[in-house]
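Because only heavy atoms are used, hydrogens play no part in the values below, and waters and symmetry mates are left out as well, while side chains stay in.
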Amino acid sequence: MVDVQSRRDHRNIAIDKVGVKNIRYPLTVLDKSRGFQHTVGTINMYVNLPRRFKGTHMSRFIEILNEFYGNFDIRNLPRILETMQKRLDAESAHIEISFPYFIEKLAPVTKSTGIMEYGCRVIGALDCNLGYDLIVEVIVPITTVCPCSKEISNYGAHNQRGIVRLAVRYEKFIWIEDLIELVEDCASCDVYSVLKRPDEKYVTERAYDNAKFVEDVVRDVALRLKADPNITWFAVDVENFESIHNHSAYAFIERWKKA
């Protein structure tokens, strides 16, 4: 049959990324306390397309993915990217995997058990000139109390839930749980899925005693990452869903760490 994709394209424009998006697929990730965890990922797969070709072979992305079925593990990303690169005759290959990650978390006072969901993303790339690159990202819900409100109010202070997005490049393996814990340590207080009244008292008072702006949170996370020799690059942003404003507060820091 005629291979239309391989026909020559006369517009003479290369494409940086072409492929498939939003594939739902089962995968396995390492779990610090249980060894591994089964979850479901949303996967995007791309390669570059030289200017001479009309199109890429979209079905090959799915075929490659299915070859790793039952063994689709984050540790296999280099092999998957190599296969994409070779099978699609590309100079660069890219994969993005977003997935929910679940951690058993005890309430701070009563130790009631709850399951917290965290958003995670892994971004992998393989380039014939630049080599292999990997970014791990976590999305962590937090609580903050406004220092300004606390300072000027006679009664209490306004607080809000926020989201911290942390992405890192690193030298040696790093646990998802450790990244999440680092972020939660820098908030006014953690977010929990199960809280009894003694726990609510604790988290309310702890947050009040630890008031922070988004600027404080993002700087505290950055300080921790700058002090970690394993981290080579990081990007962190904090968004507070303000409880007394019709907008969010936001802060962002990105840094490459020199060797």
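Ion pairing between Lys111 and Asp199 fails under the 4.0 Å rule for side-chain N and carboxylate O. In this structure, Glu96 does not pair ionically with Lys21, as no charged nitrogen and carboxylate oxygen lie closer than 4.0 Å. Using a cut-off of 4.0 Å between Lys/Arg side-chain N and Asp/Glu carboxylate O, Glu242 and Arg161 are scored as not salt-bridged. For Lys105 and Glu184, the salt-bridge test passes: some basic side-chain N is under 4.0 Å from an acidic carboxylate O. Ion pairing between Arg121 and Glu137 holds under the 4.0 Å rule for side-chain N and carboxylate O.
Using bins of under 30°, 30° to 60° and over 60° for the plane-to-plane angle, the ring pair Tyr101/Phe99 lands in the perpendicular bin. Relative orientation of the His94 and Tyr46 rings is tilted, given thresholds of 30° and 60° on the angle between their planes. Classification of the Phe36-His38 ring pair by plane angle, with boundaries at 30° and 60°, yields perpendicular.
The two atoms that bring Lys212 and Cys186 nearest to each other are NZ-O, 2.8 Å, heavy atoms only. Between Ala157 and Cys146 the shortest heavy-atom distance is CB-O, 4.2 Å. Smallest separation of non-hydrogen atoms from Ser243 and His158: OG-ND1, 3.4 Å. For Val109 against Pro198, the heavy-atom pair with the smallest separation is CG2-O, 3.7 Å. Met116 and Pro141 get closest at one heavy-atom pair: CE-CG, 3.9 Å. Ser112 approaches Val194 most closely through the heavy-atom pair CB-CG1, 3.8 Å.
Among Val136, Ile139, Asp237, Val138, the one residue that satisfies the side chain to side chain contact (heavy atoms under 4.5 Å, CB included) test with Leu166 is Val138. The side chain to side chain contact (heavy atoms under 4.5 Å, CB included) with Phe61 is formed by just one residue from the set Ile43, Asn66, Val20; it is Val20.
Enclosure of atom CZ in Phe241 by more than 12 non-hydrogen atoms of other residues, nucleotides or ligands within 6.0 angstrom is indicated. Within 6.0 Å of atom CZ in Arg219, 12 or fewer heavy atoms from other residues, nucleotides or ligands are found, so the atom counts as exposed in its surroundings. Atom CD of Glu239 has more than 12 neighbouring heavy atoms from other residues, nucleotides or ligands inside a 6.0 Å radius. Open room surrounds OH on Tyr69; 12 or fewer heavy atoms of other groups in view lie less than 6.0 Å from it. In the displayed structure, Gln85 atom CD is contacted under 6.0 Å by more than 12 heavy atoms of other residues, nucleotides or ligands.
Distance check: Asp209 CG to Cys189 SG gives 10.5 Å after rounding to the nearest 0.5 Å. Put simply, CG on Asp185 and CG on Asp190 are 7.5 Å apart, with the number rounded to the nearest 0.5 Å. For the atom pair CD1 of Ile23 and CD1 of Ile62, the computed distance is 3.5 Å after rounding to the nearest 0.5 Å. Between the NZ atom in Lys32 and the CD1 atom in Ile180 there is a gap of 11.0 Å [rounded to 0.5 Å]. Distance CD1/Ile174 to CG/Leu134: 11.0 Å, rounded to 0.5 Å. Atom CD1 in Ile163 sits 10.0 Å away from atom CG in Asn240 (nearest 0.5 Å).
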Item to check | Test log, rule salt bridge (charged side-chain N to carboxylate O under 4.0 Å, His left out), inputs Lys196 and Glu200 | outcome: CA-CA 6 Å; Lys196 301 296 185 180; Glu200 289 189 15; over 6 Å; no

Item to check | Test log, rule side chain to side chain contact (heavy atoms under 4.5 Å, CB included), inputs Met58 and Val18 | outcome: CA-CA 9 Å; Met58 297 291 183; Val18 59; 3.7 Å; yes

Checklist entry - Could you walk me through whether Asp228 and Lys226 pass the side chain to side chain contact (heavy atoms under 4.5 Å, CB included) check? => result CA-CA 6 Å; Asp228 187 342; Lys226 287 176 68 176; over 6 Å; no

Checklist entry - What do the steps show when you test Glu215 against Val238 for side chain to side chain contact (heavy atoms under 4.5 Å, CB included), and what is the final call? => result CA-CA 8 Å; Glu215 296 95 329; Val238 182; over 6 Å; no

Item to check | Residue pair Glu104, Thr113: steps toward the side chain to side chain contact (heavy atoms under 4.5 Å, CB included) verdict | outcome: CA-CA 7 Å; Glu104 185 179 283; Thr113 301; 3.5 Å; yes

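For Asp133 (side chain) and Ala125 (main-chain N/O), no donor-acceptor pair under 3.5 Å exists by modelled atom type. In terms of modelled atom types and a separation under 3.5 Å, the side chain of Thr143 and the main chain of Ser188 share no donor-acceptor contact. Ser92 places no side-chain N or O within 3.5 Å of a backbone atom of Val47 that could act as its donor or acceptor partner. Looking at Asn44, its side chain does come within 3.5 Å of a backbone N or O of Asn22 through a donor-acceptor pair. Looking at Asn48, its side chain never comes within 3.5 Å of a backbone N or O of Lys17 through a donor-acceptor pair. Remark: side-chain polar atoms of Lys150 are paired, donor with acceptor, to backbone N or O of Tyr208 under 3.5 angstrom.
Side-chain atoms of Phe252 and Val218, non-hydrogen and from C-beta on, never get closer than 4.5 Å to each other. Looking at Glu171 and Asn230, their side chains come closer than 4.5 Å, going by heavy atoms from C-beta outward. Here the side chains of Leu77 and Tyr132 are in contact, with some heavy-atom distance below 4.5 Å. In this structure, the side chains of Asp178 and Leu182 stay at 4.5 Å or more apart for every pair of heavy atoms. Inter-residue side-chain proximity for Arg11 and Lys54 is flagged as met; some heavy-atom pair is nearer than 4.5 Å. You'll find the side chain of Thr144 reaches within 4.5 Å of the side chain of Val217, heavy atoms only. Contact check for Val168 versus Leu179: side-chain heavy atoms found under the 4.5 Å cut-off.
Side-chain contact check for Trp233 and Glu254: at least one donor-acceptor pair (N or O, by modelled atom type) lies under 3.5 Å.
Criterion: ILVMFWY side-chain heavy atoms under 4.5 Å apart, direct or through other members. Under it, Tyr25 and Ile97 are part of a common hydrophobic cluster. At a threshold of 4.5 Å between side-chain heavy atoms, the hydrophobic network of Ile, Leu, Val, Met, Phe, Trp and Tyr places Tyr202 and Leu195 in one connected group. Phe68 and Leu30 sit in two unconnected hydrophobic clusters of ILVMFWY residues. Membership requires side-chain heavy atoms under 4.5 Å apart, directly or through other members. In terms of hydrophobic clustering, with Ile, Leu, Val, Met, Phe, Trp and Tyr side chains grouped at heavy-atom distances under 4.5 Å, Tyr192 and Val145 are assigned to different clusters. Residues Leu65 and Val29 fall within the same hydrophobic cluster, defined by Ile, Leu, Val, Met, Phe, Trp and Tyr side chains chained together at heavy-atom separations under 4.5 Å.
Geometrically, Lys257 does not engage Phe234 in a cation-pi contact defined by less than 6.0 Å to the ring centre and at most 45° from the axis.
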